[in-house]
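One structure below.
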2 protein chains.
Amino acid sequence: MNETKQLQQFKELLKRNKYKNTPERRLLFETMLRQSSPCSIQELIDLVKNSMNETTVYRNLETFEEIGAVTRVYSGWRYKLELSDMFRGHHHHMTCRNCGDVISFDEQPSLLAELHKIEQKHGFTMQSHSLELEGLCSNCC
Amino acid sequence: MNETKQLQQFKELLKRNKYKNTPERRLLFETMLRQSSPCSIQELIDLVKNSMNETTVYRNLETFEEIGAVTRVYSGWRYKLELSDMFRGHHHHMTCRNCGDVISFDEQPSLLAELHKIEQKHGFTMQSHSLELEGLCSNCC
DNA sequence: CGCTAATTGCAAGAAATTTGCAATTACAAG
DNA sequence: CTTGTAATTGCAAATTTCTTGCAATTAGCG
């Protein structure tokens, strides 16, 4: 199945960064893989609270960020977390202000072209970018 | 001077929303007006700590957000705050991963056009958007 | 000028995040 | 397959961030 492939990739990423492949890390990763939209830290803590300590969640999320396995997504109050492009493909988000739904959409090549223009104009080397839209989804408007 | 005009606008915004024009609110606003890049709450608390209580900063920032005077900016760990488009014009940010500098740049019409395409494609009504770039600035790359 | 509701400061409380440390575990070397 | 060792975990406590209650003060309307 597909999940196994990503888990495999994750294990290699850990190894490459000299981090251990613990059950807690696998579970946290697999839990994140199952989410269809970004989660807050508290949501993640709740999702795995029977299998690991809160402190461990914090520490592992930090590690995951360090090795590039997870990305912060900013919508609403506190930031949320999701697996990085490496596991989910590059995409952006639209958050509906009415129902709170987060919809993902793919990168448009023409949008990327615009970003490169900006990059050149300012002598900036872009390593990543994030685009967040807010408004009303097709159900709510 | 220019600052006075924005302060005037701010006072009217308060009145329109039935909030009082207190010295604390004016000072917090003027302090934010002086910043060239978004500030964390802690930075703002430090900047005004001789003139007002921490709690007051929290409460007023919440009010400012409610009336649309400030916007959250997401870069780095916790979110940061800056005056909204109303006072600073619409713009985006590039954060340097090396020196931490935040550079602002204006909206490109062609970029906006791209966003409208996405909006139509997904039947979404966009009310606001934010674009954040990360990478290395011209000094650091 | 005086009234009233909004705002402030302070103290206390709750929530989120970090740290120290002893016990456990992954995994590499033999 | 054992063994050694450093990384990881859980727990308790500390710290930091944010919120709430309440009495005292103040802005702004009449």
Side-chain angles (χ1 to χ4, degrees), chain A residues 7-32 38-81, chain B residues 7-32 38-81:
Chain A
L7 185 58
Q8 196 52 44
Q9 205 181 349
F10 173 67
K11 288 181 191 168
E12 278 158 23
L13 184 64
L14 283 175
K15 177 174 275 186
R16 211 176 322 131
N17 287 276
K18 305 225 194 333
Y19 283 117
K20 287 183 180 174
N21 169 18
T22 67
E24 289 80 7
R25 285 176 178 160
R26 286 193 303 272
L27 177 67
L28 184 57
F29 177 81
E30 289 185 298
T31 302
M32 294 187 78
C39 295
S40 67
I41 294 191
Q42 288 307 319
E43 286 167 337
L44 288 171
I45 287 173
D46 280 351
L47 283 166
V48 299
K49 68 157 153 278
N50 295 319
S51 319
M52 95 190 68
N53 191 277
E54 195 182 345
T55 304
T56 303
V57 177
Y58 275 106
R59 287 197 273 224
N60 280 333
L61 287 175
E62 199 185 334
T63 303
F64 289 8
E65 271 200 289
E66 190 205 317
I67 65 179
V70 320
T71 315
R72 285 172 193 231
V73 175
Y74 297 105
S75 67
W77 279 81
R78 287 194 174 65
Y79 64 85
K80 299 185 173 183
L81 296 160
Chain B
L7 185 58
Q8 195 54 43
Q9 205 182 348
F10 172 68
K11 288 181 191 168
E12 279 157 23
L13 184 64
L14 284 174
K15 177 174 277 187
R16 212 177 319 134
N17 287 276
K18 306 222 194 331
Y19 283 118
K20 288 183 178 172
N21 168 18
T22 66
E24 288 80 6
R25 285 177 178 157
R26 286 194 302 274
L27 177 67
L28 185 56
F29 177 82
E30 289 185 298
T31 302
M32 293 187 78
C39 295
S40 67
I41 294 192
Q42 287 308 319
E43 285 167 337
L44 288 171
I45 287 173
D46 281 350
L47 284 166
V48 299
K49 67 157 155 278
N50 295 321
S51 319
M52 93 190 71
N53 191 277
E54 194 183 343
T55 304
T56 303
V57 177
Y58 276 106
R59 288 197 273 226
N60 280 333
L61 287 175
E62 200 185 333
T63 303
F64 288 9
E65 271 200 289
E66 189 205 317
I67 65 179
V70 320
T71 314
R72 283 171 195 232
V73 176
Y74 297 105
S75 67
W77 280 81
R78 290 191 173 67
Y79 65 85
K80 298 185 174 183
L81 295 160

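Everything numeric here is computed off the predicted structure, so don't read it as measured data. Sequence lines set the chain letters: A, B, ... in the order given, protein chains first and strands last, and positions in each chain run from 1.
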Identify which nucleotide among C:dA26, D:dC18, C:dA11 has an atom closest to any side-chain atom of A:Pro23, counting heavy atoms from C-beta outward.
C:dA26
A:Asn60 side chain: which of D:dA27, D:dT9, C:dT17 is closest?
D:dT9
With nearest nucleotide decided by heavy atoms, which residue, A:Lys20 or B:Lys15, maps closer to the 5′ end of DNA chain D?
A:Lys20
Flag the pair A:Ile45 / A:Tyr58 as yes when at least one side-chain heavy-atom distance between them is below 4.5 Å, and no otherwise.
yes
Spacing between B:Arg25 atom CZ and C:dG9 atom P, to the nearest angstrom
11 Å
Gap between atoms CD1 and C1', on B:Ile45 and D:dT16 respectively (whole Å)
11 Å
For a quick test of reading the model: is some side-chain N or O of B:Thr22 closer than 4.0 Å to OP1 or OP2 of C:dT8?
yes
Under 4.0 Å: is that the gap between some side-chain N or O of B:Asn53 and OP1 or OP2 of C:dC10?
yes
Determine the interplanar angle of the B:Phe29 and B:Phe64 rings, folded into 0 to 90°, and report it as parallel if under 30°, tilted if 30 to 60°, perpendicular if over 60°.
perpendicular
Using a cut-off of less than 4.0 Å, is there contact between a side-chain N or O of B:Arg59 and OP1 or OP2 of C:dT7?
no
Is B:Lys15 atom NZ crowded by more than 12 heavy atoms from other residues, nucleotides or ligands, each under 6.0 Å away?
no
A:Leu28 CG to D:dT9 C1': how many Å, rounded?
14 Å
Under 4.0 Å, heavy atoms only, any strand: does A:Glu54 hit a base, just the sugar-phosphate, or nothing?
base
Between D:dT8 (P) and A:Ile67 (CD1): distance, integer Å
10 Å
Nearest to the side chain of A:Tyr58 - C:dT7, C:dT17, D:dT8?
C:dT17
Is A:Glu43 salt-bridged to A:Lys80, going by a charged N under 4.0 Å from an acidic O?
no
Exercise: identify the closest heavy-atom pair between A:Arg25 and A:Lys20
NH1-O, 2.8 Å
To the nearest Å, how far apart are A:Arg26 CZ and D:dT9 P?
11 Å
Without decimals, in angstroms, what is the distance between A:Leu81 CG and C:dT17 C1'?
14 Å
Which of C:dA26, D:dG10, D:dC18 is nearest the side chain of B:Ile41? It is D:dC18
Given C:dG9, is OP1 or OP2 found less than 4.0 Å from the side-chain N or O atoms of B:Thr56?
yes
Report the distance from atom NZ of B:Lys18 to atom P of C:dT7, rounded to the nearest whole Å.
12 Å
Picking from C:dC27, D:dT8, C:dC10, the nucleotide nearest the side-chain atoms of A:Asn21 would be C:dC27
Rounded to whole Å, the CG-P distance (A:Asp46 to C:dA15) equals 13 Å
